[in-house]
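On a predicted model such as this, the values are computed, not experimentally measured, just so you know. In what follows, every chain begins at residue 1, and chains take the letters A, B, ... in the order their sequences are listed. Computed over heavy atoms, backbone and side chain alike; hydrogens, waters and symmetry mates excluded.
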Number of protein chains: 2
Amino acid sequence: MSEEEAPRKRADARRNQQALLDAAAAVFVRSGVEAPVRDIAAAAGVGMGTIYRHFPTRADLVVAVYRHQVEACAEAGPALLASSGTPHAALAAWIDLFVDFLVTKHGLATAIRSDNAGPLHAYFLDRLVPVCAELLAAAAAAGEIRSDVAAFELMFGVGNLCAGVDPRYDARRLVGLLVAGLGSGGGGA
Amino acid sequence: MSEEEAPRKRADARRNQQALLDAAAAVFVRSGVEAPVRDIAAAAGVGMGTIYRHFPTRADLVVAVYRHQVEACAEAGPALLASSGTPHAALAAWIDLFVDFLVTKHGLATAIRSDNAGPLHAYFLDRLVPVCAELLAAAAAAGEIRSDVAAFELMFGVGNLCAGVDPRYDARRLVGLLVAGLGSGGGGA
DNA sequence: CACGATACGGAGCAATGTTCCGCTTAGCCC
DNA sequence: GGGCTAAGCGGAACATTGCTCCGTATCGTG
């Protein structure tokens, strides 16, 4: 949607943009999502100006790098709802997917909430909250979970839970607890 | 414990340390825990050197400012266990206390996990994890909750959950869900 | 091939935490 | 009261960020 014709950029511009995306992906794997912009520019073999012309903000670059994965996660929602035994199972499976995404990208969960990550934050939430809401509503309608928790709140909380990096901390397990708590007293303990 | 005799600092040094603590407390309330060190130094009417001699690191200053509140929270643990109806109730009440502490200090939860907050992180955890462990063990022994969640993990998760500042996000509610999840399937489900 | 729009590069700016070092002064001894 | 010394102080300077600016190089079209 809103696929207005691209003004046909110059060849070197397109080339650089791709190089930047590849380099950023590589650097993010190696040094985490919080890697300095300079490092990424260096890895891509371009100057600071170039990186900022293509991605006005650090967050925009991160969004671009992970966009298709977020998309995949968003699309998996309805699919899981259709294929899983119960809405609650679908919800759990979907959140698992999301958590996997967050914890495999070193520092993503933390970066999402960083000061100047407004765009990042907004993008993730805008894209995934509706999906989560659908799963949540289905589970609530089936009487499997309480109905007083908003999708936004749940996503926000799950994102928060995925922030740590301590070896004795397993984000997945705590998220599991949270999802389990969702079912407790499904509308009245 | 380890109360080695203080080398009796100079009067102005003690005065400045106190001024720094007071100023920091004030600034933290006004601008959040992430306030620039320079602001605190200015508010206290001292130079940068002074602040760093008394508190080698930003985190050390934060720890010093909140130390007695953390202490109070730690001491409330056993008290709640003795006065509450059930260990689970005591645990919930205690975590509530902790959450209140975190959310009333603008940005504290976020700061705790910030890069160079090692000392902060370590102090909070060292002091409170044992208390949490006691409550957790009591509740588990009473068969009220599953027994496969470590105190460290729970504290870490609760701390993470308290990070956001969005108006449509209520950390307390999600922590409540988490604690509720603790009880679900008490050891299997 | 010439020329204008497009894109590039990287020095430079602002904000931060932290370190360093010459100057000041409290506190003791006479 | 007057020195003297070490403890203490202030703040300039450094390193690391994200981000901006603008002179220069390059693309692609006529």
Side-chain angles (χ1 to χ4, degrees), chain A residues 5-21 23-24 27-28 31-65 107-108 110-121, chain B residues 5-21 23-24 27-28 31-65 107-108 110-121:
Chain A
E5 97 258 15
R8 183 56 175 207
K9 307 213 268 206
R10 254 168 55 172
D12 55 346
R14 262 173 299 146
R15 205 175 342 112
N16 274 329
Q17 171 148 358
Q18 192 53 52
L20 235 14
L21 283 174
V27 171
F28 286 167
S31 314
V33 179
E34 307 264 39
V37 178
R38 281 168 176 75
D39 288 2
I40 297 162
V46 306
M48 297 290 302
T50 301
I51 208 172
Y52 274 96
R53 194 154 347 86
H54 287 296
F55 307 100
T57 255
R58 252 188 64 75
D60 293 315
L61 178 57
V62 176
V63 165
V65 167
L108 219 207
T110 300
I112 266 186
R113 153 178 24 124
S114 188
D115 307 325
N116 38 4
L120 232 192
H121 186 105
Chain B
E5 98 256 17
R8 184 52 178 216
K9 307 213 267 205
R10 255 168 54 171
D12 55 346
R14 263 172 298 146
R15 209 176 335 115
N16 273 330
Q17 171 147 359
Q18 193 53 52
L20 235 14
L21 282 173
V27 171
F28 286 166
S31 316
V33 178
E34 309 262 39
V37 179
R38 280 166 175 75
D39 288 3
I40 297 163
V46 306
M48 298 291 301
T50 302
I51 210 170
Y52 275 95
R53 194 158 345 85
H54 287 296
F55 308 98
T57 256
R58 251 188 65 73
D60 292 315
L61 177 57
V62 176
V63 166
V65 167
L108 218 207
T110 299
I112 266 186
R113 146 186 63 231
S114 188
D115 308 325
N116 38 5
L120 232 193
H121 188 105

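- Mapping A35(B) and G45(A) onto DNA chain C by nearest heavy atom places G45(A) at the nucleotide closer to the 5' end.
- Note: CD1 (I40(A)) to C1' (dG10(C)) measures 17 Å, nearest angstrom.
- The shortest distance between the side-chain N/O atoms of T57(B) and the OP1/OP2 oxygens of dT18(C) is below 4.0 Å.
- Annotation: side chain of R8(B) is in contact with side chain of R14(B) (closest heavy-atom distance under 4.5 Å).
- Using a 4.5 Å heavy-atom threshold, the side chains of V62(A) and F28(A) count as touching.
- In this structure, R53(A) reaches the bases: a heavy-atom distance under 4.0 Å links it to at least one base atom across the strands shown.
- In this structure, L120(B) places its CG atom 13 Å from P of dG17(C), rounding to the nearest Å.
- Across dG17(C), dC9(D), dC19(D), the shortest atom-to-atom separation from the side chain of A13(B) is found for dC9(D).
- Contact check for V63(A) versus F55(A): no side-chain heavy atoms found under the 4.5 Å cut-off.
- Distances shown here put a side-chain N or O of N16(B) below 4.0 Å from the OP1 or OP2 atom of dC9(D).
- Side-chain proximity of M48(B) to dA11(C), dT18(C), dC9(D): nearest is dT18(C).
- With the nearest nucleotide of DNA chain C identified for both T50(A) and R38(A), T50(A) has the one nearer the 5' end.
- If you take CD of E34(B) and P of dG17(C), they are 9 Å apart, rounded to a whole angstrom.
- Heavy-atom minimum distance, R58(B) versus A35(B): NH1-O, 2.8 Å.
- The side chain of Y52(B) contributes an N or O atom lying less than 4.0 Å from OP1 or OP2 of dT18(C).
- Atom CD1 in I51(A) sits roughly 14 Å away from atom C1' in dT17(D) (whole-Å rounding).
- Within the 4.5 Å cutoff, the side chain of L21(B) has heavy atoms near those of the Q18(B) side chain.
- The NE2-P distance, from H54(B) to dG10(D), rounds to 9 Å in whole Å.
- Of all heavy-atom pairs between A41(B) and M48(B), the closest is CB-SD, 4.3 Å.
- The line from CD1 of I40(A) to CZ of R38(A) is 11.5 Å long, rounded to the nearest 0.5 Å.
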Heavy atoms under 4.0 Å is the rule here; annotate nucleotides 25-30 of chain C 5' to 3' with B where the base is hit, S where only the sugar-phosphate is, and - elsewhere. BSS---
